[in-house]
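Have a look at the structure below before the remarks.
Letters A, B, ... are given to chains in the order of the sequence lines, protein chains preceding strands, and every chain is numbered from 1.
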2 protein chains.
Amino acid sequence: MPTRPASDLTTHLGYWLRFVFNHVSQAFARKVEAQGVTVAEWVLMRQLLDEEALAPSILAARMGMTRGAISRLADRLIAKSLLLRAADPEDGRAQTLALTPTGRALVPGLAALADANDAEFFAHLTSDDRAALFRILRGIVEQRGLASPPVD
Amino acid sequence: MPTRPASDLTTHLGYWLRFVFNHVSQAFARKVEAQGVTVAEWVLMRQLLDEEALAPSILAARMGMTRGAISRLADRLIAKSLLLRAADPEDGRAQTLALTPTGRALVPGLAALADANDAEFFAHLTSDDRAALFRILRGIVEQRGLASPPVD
DNA sequence: CTCCAGTAGTTGACTAGGAAACTATATCGA
DNA sequence: TCGATATAGTTTCCTAGTCAACTACTGGAG
C-alpha cells in the first residue's frame, strides 16, 4: 500500500544526468574495451600522452582515484606492455610512470573513439544546445569550485 | 616527448558530464550513507515505495543491474530488516520483494536527501538554464531511444 | 649527526558489481 | 503426458575499486 508520493525522481536533474551519463560512459566503455583497454586505463594513458612521465600520486590526484588504485592500474598496463614504471632518480621513495612506444602509439586511436562517442551522443543537438550544455556544466563546476574529475 | 595533440578531452561534452555527474553522485552517496544506506539500496527501496511488491527481475531491468546483483542487494537489505523476500504464490520460480514497515518509513527521509542534493548542485542555475538542461538531457534520452537508467 | 614526523608507493582485507553456470519450475508441442 | 526448451533466481568466479596498515625513504629540528 503506497504511502505518500515522495517526490518523483524524474523531476531531479541529477536523475537525468545519471541516465545520460551512464549511457554515454557505457557506450564508450564498449568501444575502448573492443581495443583491449578499459576506460580507466585509457584515462591514465591519455594523461601521460602530453607529459613524458608522471608520479603515481599525481595521476591519482588528477584521476580522482586512490594511490592504491593507481598502483594496481599501473600493474595492469605494465602487464600489457603499455606502461613502464621506473624509480625516480631524485627521490628514493618516488616512482615515475611513462608510456611505452606501444602505449603511446595506441592513444590516438583511443582518442578517436572518444571523439566518435561524443559525436554519437551530442552531435544531433543544435549548436546552441551544445553550447548551452557546455556552459551550464562548466558553470556548475566553477560555481561549486569542483576539482579533480573522478573516474569512477 | 609528446607526440601529436590527440584532441583535448575537455572539449568533450562527455568529459564535463562525467565531471559534474561524479560530484553530484558522490555528494549524494555521502548523504545517504550517513543514514546507513547505499545509493543502490536507496534506488531499490524507492522503486518499491509505490509498488507494494516487485519481482527481482523487474527491479533488475528498471535499475539496469543484473539479476545476480539484485539478488545480493536484496540480501543486504533483508539483513538490515528493510526488505522482505517471499515466494510468489502463483509461480514456483518467482520471488517477490517488498519493503518492511521500517524500510517504508525510511524512504521519505532519503527522498528529502535526494531533493537536497539536487538543490545543492542545480538550484543556483537560472530557471531558464535548469529548463534548458532538463530539455537537453531528456532530448538525448528520447532521440537515442535510451531506456532503463543504469545505476552504476 | 640523529631522530622523528611526514610522504610515496604497495599491499591485504573488503565491497559491489558483471558474466556465466547452475537449480528449480513452467510451458509448449508432439 | 512427457520431454524439450525457456525462464526466475541464486551462486561462483572474476574484476576493479576503497580503506587502512605497512615499508622505505626524506628532510627538518635539536
Rounded to whole angstroms, how far apart are [atom1] on [X] and [atom2] on [N]?
| X | N | atom1 | atom2 | value |
| --- | --- | --- | --- | --- |
| B:Trp42 | C:dA16 | CH2 | P | 19 Å |
| A:Leu59 | D:dG17 | CG | P | 13 Å |
| B:Leu44 | C:dA16 | CG | P | 14 Å |
| B:Lys80 | C:dT15 | NZ | P | 12 Å |
| A:Leu54 | C:dG9 | CG | C1' | 15 Å |
| A:Met65 | D:dC19 | CE | P | 12 Å |
| A:Ile58 | C:dA8 | CD1 | C1' | 11 Å |

Residues two or more places apart in sequence or in another chain: which of them pass side chain to side chain donor-acceptor pair (under 3.5 Å) with A:Arg85? A:Asp75

Could you tell me which residues satisfy side chain to side chain contact (heavy atoms under 4.5 Å, CB included) with B:Ala29, sequence neighbours excluded, listed by chain and number? B:Glu33, B:Val39

Any salt bridge linking A:Glu120 with A:Lys31? Criterion: basic side-chain nitrogen under 4.0 Å from a carboxylate oxygen. yes

Sidechain N-carboxylate O distance under 4.0 Å for A:Arg135, B:Asp129: yes

Could you summarise the pairing of DNA chain C as dot-bracket text, marking Watson-Crick and G-U pairs under 3.5 Å with ( ) or [ ] inside the strand and | across strands? ||||||||||||||||||||||||||||||

Supply the atom-to-atom distance [X] [atom1] to [Y] [atom2], rounded to the nearest 0.5 angstrom.
| X | Y | atom1 | atom2 | value |
| --- | --- | --- | --- | --- |
| B:Ile58 | B:Leu97 | CD1 | CG | 11.0 Å |
| A:Leu84 | A:Gln95 | CG | CD | 12.0 Å |
| A:Phe121 | B:His12 | CZ | NE2 | 13.5 Å |

Could you pull out the closest heavy-atom pair between A:Ala114 and A:Trp42, with the gap in Å? CB-CZ2, 4.2 Å

DNA chain C: B:Gly68 or A:Gln95, which has the more 5' nearest nucleotide? A:Gln95

Side chains of A:Val43 and A:Arg62, heavy atoms from C-beta outward: is any pair under 4.5 Å? no

Can you tell me how the ring of A:His23 sits relative to the ring of A:Phe19, calling it parallel under 30°, perpendicular over 60° and tilted otherwise? parallel

Quick one: list whatever passes salt bridge (Lys or Arg N to Asp or Glu O under 4.0 Å) with B:Arg138, sequence neighbours left out. B:Glu142

Of the options D:dG9, D:dT18, C:dG9, whose atoms approach the side-chain atoms of A:Ser57 most closely? C:dG9

Quick one: which of D:dG9, D:dA16, C:dG17 gets closest to the side chain of B:Arg67? D:dG9

Under a 4.0 Å heavy-atom cutoff, the residues of residues 84-94 of chain A touching DNA chain C are A:Arg85, A:Arg93, A:Ala94

Name every residue in residues 69-77 of chain A that has at least one heavy atom under 4.0 Å from any atom of DNA chain C, in order of residue number, or write none if there are no such residues. A:Ser71, A:Arg72

